Amino acid sequence: MLDLKFIRAEPDAVRAAAAKKRIPCDVDRILELDVEVRARGQRFDELRAEQKATGKAMGKASPQERERIIAQQTELKAELKVLEDEVAALKAELQGHLDRVPNIPADDVPDGVDDSDNVEIKRVGEPTSFAFEPRDHVTLAEGQGWLDTIAGARIAGSRNYILKGDLSLLEGAVMRFALEHMVERGFTPLSVPTLVRTEVMYGTGYFPGGEDQAYRCDERDDLCLVGTAEVPVTALHAEEILPLDQLPRRYVALSSCYRREAGAAGRDTRGLYRVHQFQKVEQVVIDIADAQRSIEHHQAILQNAEAVMIALGLPYRVVNVCGGDLGQPQVQKFDIETWMPSREGYGETHSASRFHDFQARRLMLRYRDGEGKVHFCHTLNNTVAASTRMLIALLENCQLADGRIAVPEPLRPYLRGRAVLGQPL
RNA sequence: GGAGAGGUGGCAGAGUGGCCGAAUGCGCCUGAUUGCUAAUCAGGUGAGUCGUAAAUACGCGGCUCCGAGGGUUCAAAUCCCUCCCUCUCCGCCA
């Protein structure tokens with residue numbers, strides 16, 4: 001959410017942002033409603049002041065005066081009720097608009113419509129070359145008896161899967177490696193709820209707009225399954241005013257992630273690329289409202305993830321996500337895309353976002369500066385490792401000619417020292 | 001899930017219809033005093049919003065907020081209803 005005062009002062013910046021992000025936004029209506037709400041709000045405040053002042057005289061009034069006052073107050077009350085309802089309706093409409101106003105993208109966010117317009121800014125490693133015909137991750141995993149998508153679908157529907165044996169262990173190894181990698185870098189590990197109140201989905205900017213992508217409980221419980229630990233972790237300090245000396249906060253959390261993938265029917269149906277449930281290690285930074293500091297954090301969390309990829313020897317590139325592919329809340333987003341031989345291309349494995357105070361404003365996540373003034377924090381987050389897409393990259397890039405998998409050195413301690421997994425196929 | 005007790009400012013804790021945005025204590029800030037520290041004394045110390053103003057500064061003024069939302073009343077922290085949360089006991093259970 002943007003500051004209404006900012007929208008009032010810089011309506012053209014908001015219009016430009018909406019255009020760049022291809023998100024509809026009726027700035028004129030917002031400004032109209034803003035004027036109306038304030039005008040009627042002022043009138044309401046005046047009447048209310050009158051009501052209170054008169055009411056206070058009541059206690060000391062004589063019986064005759066009381067009758068007169070009550071008559072006067074009854075009239076006021078009716079007028080106030082009408083005004084109050086009007087203001088409430090206007091505010092609700094205004095809030096409905098504000099909930100959908102996009103955050104302002106950074107100047108160096110490229111113009112573009114969709115992910116095909118994202119701009120590559122860095123490439124590390126070369127696409128893996130093989131002296132043999134490489135297998136895709138499904139062929140490898142099924143060949144080794146490590147993957148059962150038929151049973152997954154029978155149990156939980158399409159886009160669900162069962163990892164077995166060493167692939168299940170490899171998943172654990174990657175997650176554990178990623179988690180410890182971040183703990184070493186000073187991030188505080190958290191175990192968090194993945195079933196959260198709907199208001200938390202709203203606070204982090206997933207709602208309104210992302211309802212189709214999230215699983216919700218039925219009306220008995222006002223809860224949703226999160227698509228990422230970003231949601232509960234960013235909301236950890238909601239409604240708080242953090243002391244300056246406790247910032248920045250750096251958190252890392254391993255969690256299950258749930259995605260409905262509505263609208264993706266028919267896309268990436270084979271294998272583990274697009275699934276309803278996976279595990280992910282996520283990093284979140286909360287700090288003061290300073291654009292430059294946020295940029296530094298953004299670079300830092302990007303590097304934290306890149307270090308994982310480099311340690312695992314996986315070829316990847318970094319893209320600067322274009323306006324049309326950016327979500328409503330982000331100021332800027334850098335995706336890491338990892339080489340996936342079966343796709344003969346790079347596939348998104350990480351997403352590093354910075355939000356300025358967009359999430360913090362909704363979450364009422366604030367801090368007190370050196371002068372005692374209260375501000376909304378800045379928030380950022382990035383993937384460290386997402387299980388299924390990481391497994392695709394590992395299986396396909398680290399496969400040997402005989403269908404076994406060479407384990408990157410950093411993962412071996414989590415696999416009892418084994419350097420190779422599987423049997424010759 | 002059943003029974004009971006509660007949710008008030010950074011914390012503790014008063015307040016059962018108007019004089020309460022809220023006693024008191026602790027903490028914190030400023031000043032006074034004091035070799036230093038401690039102690040003592042005086043004053044101050046929530047968030048938000050609207051207005052005033054050259055100003056997102058200081059100040060001044062209004063309004064909102066006593067878990068959330070509704071209701072009763074001329075008037076609600078206080079009475080009623082619903083929900084959320086915490087604690088105690090019982091039941092169930094990984």
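Just so you know, these numbers use all the heavy atoms, side chains as well, and skip hydrogens, waters and symmetry mates. No experiment lies behind these values; they were computed from the predicted model shown. We name chains A, B, ... by the order of the sequence lines, and we start the count at 1 in each one.
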Inset, instruction - Could you tell me whether A:Gln423 atom CD has more than 12 heavy atoms of other residues or ligands within 6.0 Å of it? - result: no
Inset, instruction - Among B:A57, B:G62, B:A47, find the nucleotide with the atom closest to the side chain of A:Ala49. - result: B:G62
Legend entry - Nucleotide nearest A:Arg197 (side chain, heavy atoms from C-beta), chosen from B:C85, B:U56, B:U64: B:C85
Inset, instruction - Output yes when at least one side-chain N/O atom of A:Gln42 is less than 4.0 Å from OP1 or OP2 of B:G51, else no. - result: yes
Inset, instruction - Examine B:C50: is either OP1 or OP2 under 4.0 Å from a nitrogen or oxygen in the side chain of A:Lys5? Give yes or no. - result: yes
Legend entry - Watson-Crick or G-U wobble partner of B:C19, both distances under 3.5 Å: none
Inset, instruction - Indicate whether any N or O donor in one side chain lies under 3.5 Å from an N or O acceptor in the other, for A:Asp335 and A:Ser351. - result: yes
Legend entry - Any strand: nucleotide that pairs with B:G9 via Watson-Crick or wobble, under 3.5 Å: none
Legend entry - Phosphate-side-chain proximity, A:Arg38 and B:G51, N/O vs OP1/OP2 below 4.0 Å: yes
Legend entry - Sugar-phosphate only, base, or nothing, as touched by A:Arg40 at under 4.0 Å among non-hydrogen atoms: nothing
Inset, instruction - Report yes or no: does A:Asn320 contribute a side-chain atom to a donor-acceptor pair with the main-chain N or O of A:Asp108 at less than 3.5 Å? - result: yes
Inset, instruction - Take atom P in B:G10 and the same atom in B:G2, then report the distance between them in whole Å. - result: 34 Å
Legend entry - Under 3.5 Å side-chain donor-acceptor pair for A:Asn304 and A:Asn382: no
